[in-house]
Every structure is written in C-alpha cells, then in structure tokens.
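Worksheet for the structure shown next.
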Amino acid sequence: MTSSMLRGRPRRAASHISVRVAHAVLGGAIGVVWLVLPGMTSGDDDPVAIKNPTPGASAAATADDGRSTVDLVLPLVAVGAAGAAAGYGYVRRVRRARTRTTPGGTGGTPAPTPSPSRPSSPSPSSSPPAAPGGPDEQAGAALVEADDRVRAARTELAFAGPLCTAEALEPFRRTVDEAAAELAAAFRMRQRYDEGVPAGEEARGHALAGIVGRCEEAVRRLDAVAGEFGRLRGLDRGAGDALGAAESRFRELTGRTGAADTVLAGLARRYAPTATACVIGSVEQAKDRLLFATMRLNQARQSADAGRPERAARHLRAAEGAVAQAAVFVEGVDRLAAELRSAERTVPAALTGAEAELARVRGQASPRPGAPPETTRPGAPPDRTAALAHADAVLGSVRQELTGGRPWDPVDVLRRIVRATSAVAPGRSGVLPAAALITARSAVGAAEDFTATHRGVVGATARTRLAEAQRLLATGDPADREPAEVLALEARELAERDVRAHGNPYQAADGAQGTAGTGGAVLGGIVPADDPGNGTPAGFAGTARPATSPTAPGA
C-alpha cells in the first residue's frame, strides 16, 4: 500500500505542474495572436496619401493610439497572470510536499520497519514494536515469537532441574507442554495455509487470525506462570546456587567440545564430505557460545559479589542460553556419528531388500502364459518400466560406490535406495521402512539443531516446515517418513537462506571489550540484537531489559 502511494504521488504532482505550464503557454499564444491580428486583418494594401492633420483627424488618431495601447497591454496582463498562477501553484506544491508527514511525503525521518520474520519482543521498559503490515506477516511474526518463548522456557526448565524437585517443576513443565501444543496447532494451520487450504479468501483470513490466536494463547500460558517460576528460581534474591550449576555445566561442555572436535575429524577421514556437511563449523560455534558464556558468567559473579542480584540474574540467564546452544552443537556431532554408523550397518540389508522388492514388482507385472498383453486404459497407473529402469540404475550405482574403495556417505546412500524403491514399490515392512526412519531422523535432527542455534534470524516458513516434519515423524507411520525427510531438508535450506540474508545481526566486532561471542549469541537469539548487553532470553517472562538506562555489557 505504501509503495503504491509513493509511486503514485509524483505522477499526480507532475500532472498538476504540466497543466499549469500549459495554461501559461496558452495565455502567451493568445497574446501573440492578439498582437498580430490587426495586421493580419487589414484588407487594403494600397498606399495612403499623407495629409496634414485636421482637428477631427487628430482626435481620431488619439483614439486609435489608445486602442492600440489597450490591445498591447491586455495580452501581456493575461500572460503574466497565467505565469503567476502556474508559479504559485508550483511553489505551493513543493512546499506542501516538503512538509508532508503522510506515507507519500518526503519530510521527516521514517519510522523503522521491523522484519516480518523477526519481531521484537515487548519489554517493560521499551515501547511495543510496530505491528507488521498485513495478516500474513502478523501470523508469521506471532509464530516466531511464540516459538522463541517456548524454546527459551525449556532451557530455563533444564537449568532449574538440578536445583528444584521434580514435584516443584511439574506444573511448569505441564505449562510449557500446553504452550507447545498450542504452537504445534498453529504451525499445522500455517502449513495447511501454505498448501492452499482453505481456498476461499475469507476462510484464509480466518485461518491467519486463528494462527495468531493460537500463538497468543501459547504466550499467555507462559506469562501466567512467569512470576511464580521466577520466585521458584529465586534469582532476584541471589544467583549463588544457580550460578554454580551453570558453571559446572560450562566446565563439562568445555571438555566435551574438545572430544567433539576429535570425533568430527575422524568422521571426515572415514566418510565423504557430504556426510559431515551439516556439522561443519559446529565445534567452532560451540566454542564461540562458550566464550560468550565465560564473559557472562564472570559478569554474573561480579554483580552477585557487588550486591546486584537483578543484574547478576540477567547475565546468568544469558550465560545459560549460550551454554545450552553450545550443548546443541556438541551433541549434534555425537548424534551424527551414531547415525552414520547405524546407516552404514543398514546399507547392505537395505540394498538387498530393495532388489527383492523390485523383483517382486516385476513378477507381479509379468503377464500369465497365454494371456493377452495389457493395454493402458484411461486413468490406469502409468507403465512401471521407466521407474524400474531408474531404480535399477540407482541400485547399480550404489553397488559401484560401495565397492569403489572411496569414502561414501551412508545416510545419502540409504536415502537414494529408499527413494528409488518407493517410486516403484512403497513397502510398509522389512528393512526399507527402517532405512527411511534413519534418514528422516537425521534430516529432522539437523534442521532442528540449526534452527535452535540460529533462531535469532530464522523465519516462520522454515520453522513451519520443520514443525510439520516433526509431526509426520512422530506419527510412526512408515508412509510419513519420506515426506518428513523432504520437509526437514527444505526447512534446513530455508533456515540457511535466512541466515545468509541477515548476516550477522550484531555489527560490533567480536573480540572488543565486552563483546566477545556476542555476534553468535545474537544470531542464536540468546540476547536481542537491539540491546545485547542488557537483554535476556525470551523465556517464561519474555525478553526483559532493566528499567534504568542501558549500561555497558561489562557493568
């Protein structure tokens, strides 16, 4: 709407100016015609004898001179009036455009427009962010905000676990599960909306409103218990025990990060580069999150010793978020190693099972002795000859790859076997469904890890595809495993695209005082980009900032 108005106004302004210029030109033309008209209408070209003027003649001449003067002045007045009107209109137009404050104007500083996929969370000390433009953008922003809140709340529960009893935490776990169920329903509605369901314009508007309503309900449930959960943790009274637990978890992960680096190096030597592509850089990013956690843990300790519990709690929660994401990076490497080993053991059996399935299909398609050849009827299934030939080619290339003596990618090999076979014989039993489960879990896990550690910039579409992949994988139906894998791969691709489009949302140079690892923390959604030194993760209570003016991160 705004862009169309901006494009429309200059054309209308130009049209008004052109009309006034035309008026001026027209007035000038009339004046010129008026001046030359007497000469053009003189009907007698014979010379006139000059006679001494008589009194009567002198009076007539005087009258003629007066009329000539009037004839000359009136056109000039008309031209001047037309020019003055055009100039006044032009000056008034320019002056009004310079002082305009409507969307079509150029005056003033435009208000910043938030990214539809990355809404700013409301905070007690800051004004609420501007709502996105349309219902579609509002639904996407609501999904992102609710997803961030649920993820951060789970992180808070994990760190509260060692210091609280299971009975004390059970109501909050149930609340998070209820909020997650509302969010899952919203993601399901969004997936169907993206697929074109419902089709009617009015119904689609209701669907978007329903998505926003579900997300608001998820956030409301977390808000309702935020105060009680804060009292349970008691961080406002001091971060002593919680700080010690976070430091213990930090030291554990520091040791595991070195071990993960060794595991990743071994995987790179054993398998093809595509096998480890999803975890390349994971160890470095884990170290980056731990670097940020080191800084925030130190600041939390200093603030606690100085008798500033609120500031200590703020730094502690940021450190907990960083430690949790470092764990995701490290555990992702370990999980991938287990998946590759499982896939490697499954490949021979999957290859044999696929060949048996193809043989069975050929046996069913072969005509009985003496039976006439089959003819293709309208609406009948297409000839499977081409599909069988393609499947044979895929299986043949897999056998060559396995016996070639070069590193290969077990998960990718399983994926090719399953897809080639399912196009001809979508079996529901045997080794092939197990192979499909391995590949689907691998794709979903990789997409989940990437989204969780880059949620500062990952948008609603990628999260929607991931949620749908997780839903299909959880059904347990073998027929849902291949679609779940396809959606997970799409979700990962969309999330990576979001990260490339946004870049590093925090422009301060890492390594500067007080900013070590902050870029990665903002990218991971651990702290907000607009206030990384004072903001906290959006957990039960949402993103919080101190009521006082912002201070330096090291304060």
Side-chain angles (χ1 to χ4, degrees), residues 151 155 250 252-296 318-319 321-341 343 407-412 441-459 462-463 466 488-512 515-527 529 532:
R151 290 177 182 275
T155 298
F250 168 83
E252 175 195 353
L253 273 173
T254 301
R256 290 182 60 189
T257 301
D261 202 1
T262 302
V263 171
L264 186 56
L267 296 178
R269 289 191 300 268
R270 181 177 180 85
Y271 300 109
T274 57
T276 57
C278 62
V279 294
I280 292 297
S282 291
V283 174
E284 288 74 13
Q285 293 187 74
K287 293 177 180 178
D288 183 74
R289 298 295 195 276
L290 291 176
L291 179 63
F292 177 82
T294 300
M295 180 184 68
R296 288 306 178 95
V323 170
Q325 289 196 8
V328 173
F329 284 120
V330 171
E331 291 167 0
V333 174
D334 294 337
R335 187 189 66 249
L336 177 64
E339 290 169 351
L340 290 173
R341 290 193 297 267
W408 49 288
D409 182 351
V411 174
D412 181 65
R441 283 177 175 172
S442 179
V444 171
E448 166 62 25
D449 288 355
F450 190 88
T451 301
T453 53
H454 298 80
R455 60 183 174 87
V457 295
V458 174
R463 300 181 192 224
L466 173 60
L489 294 174
E490 181 184 358
R492 175 66 185 262
E493 181 181 355
L494 291 171
E496 290 178 346
R497 187 184 305 171
D498 289 338
V499 172
R500 289 194 300 269
H502 286 79
N504 189 340
Y506 183 65
Q507 298 301 324
D510 281 352
T515 63
T518 303
V522 171
L523 192 68
I526 298 169
V527 290

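The first residue of the sequence shown is numbered 1, and numbering continues consecutively from there. Given the structure is predicted, the values throughout are model-derived calculations rather than measurements.
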Between CZ of Arg296 and OG1 of Thr518, what distance do you get to the nearest 0.5 Å? 6.5 Å

Starting from the C-alpha separation in whole Å, work towards a yes-or-no answer on side chain to side chain donor-acceptor pair (under 3.5 Å) for Asp409 and Thr274. CA-CA 6 Å; Asp409 182 351; Thr274 57; 3.0 Å; yes

Nearest heavy-atom pair of Ala293 and Ala322: which atoms, and what distance? CB-CB, 4.0 Å

Which atoms form the tightest heavy-atom contact between Gly459 and Asp498, and what is the distance? N-OD2, 2.9 Å

Report yes if the side chains of Thr451 and Arg151 come closer than 4.5 Å at any heavy-atom pair, otherwise no. yes

Might you confirm whether atom CZ of Arg441 has over 12 heavy atoms from other residues, nucleotides or ligands at distances under 6.0 Å? no

Locate the shortest heavy-atom distance separating Ala337 from Val263; write the atom from each residue and the value. CB-CG1, 4.0 Å

What's the verdict on side chain to side chain contact (heavy atoms under 4.5 Å, CB included) for Leu291 and Lys287, showing C-alpha distance, side-chain angles and the deciding distance? CA-CA 6 Å; Leu291 179 63; Lys287 293 177 180 178; over 6 Å; no

Interatomic distance, Leu336 atom CG to Arg341 atom CZ [nearest 0.5 angstrom]: 9.5 Å

Do side-chain atoms of Arg289 reach the backbone of Thr453 as a donor and acceptor pair under 3.5 angstrom? yes

Do you know which two heavy atoms are closest between Val522 and Pro532, and how far apart they sit? CG2-CB, 4.0 Å

Approximate separation, where rounding is to 0.5 Å, of Ile526 CD1 and Gln325 CD: 4.0 Å

Ignoring hydrogens, what is the shortest heavy-atom contact between Val333 and Ser282? Give both atom names and the distance. CG2-CB, 4.1 Å

Please walk me through it: do Arg256 and Asp334 pass side chain to side chain contact (heavy atoms under 4.5 Å, CB included)? CA-CA 10 Å; Arg256 290 182 60 189; Asp334 294 337; 3.5 Å; yes

What is the distance from atom OG1 of Thr294 to atom CZ of Phe250, rounded to the nearest 0.5 Å? 3.0 Å

Closer than 3.5 angstrom, by distance alone: can the side chain of Arg492 be matched with the main-chain N or O of Phe450 as a donor-acceptor pair? no

Spatial distance of atom CZ (Phe329) from atom CG (Asp449) [nearest 0.5 Å]: 8.5 Å

Closest non-hydrogen contact found for Leu494 with Ala462 is CB-CB, 3.7 Å

How long is the straight-line distance from CD of Glu284 back to CG of Asp261, given to the nearest 0.5 Å? 6.5 Å

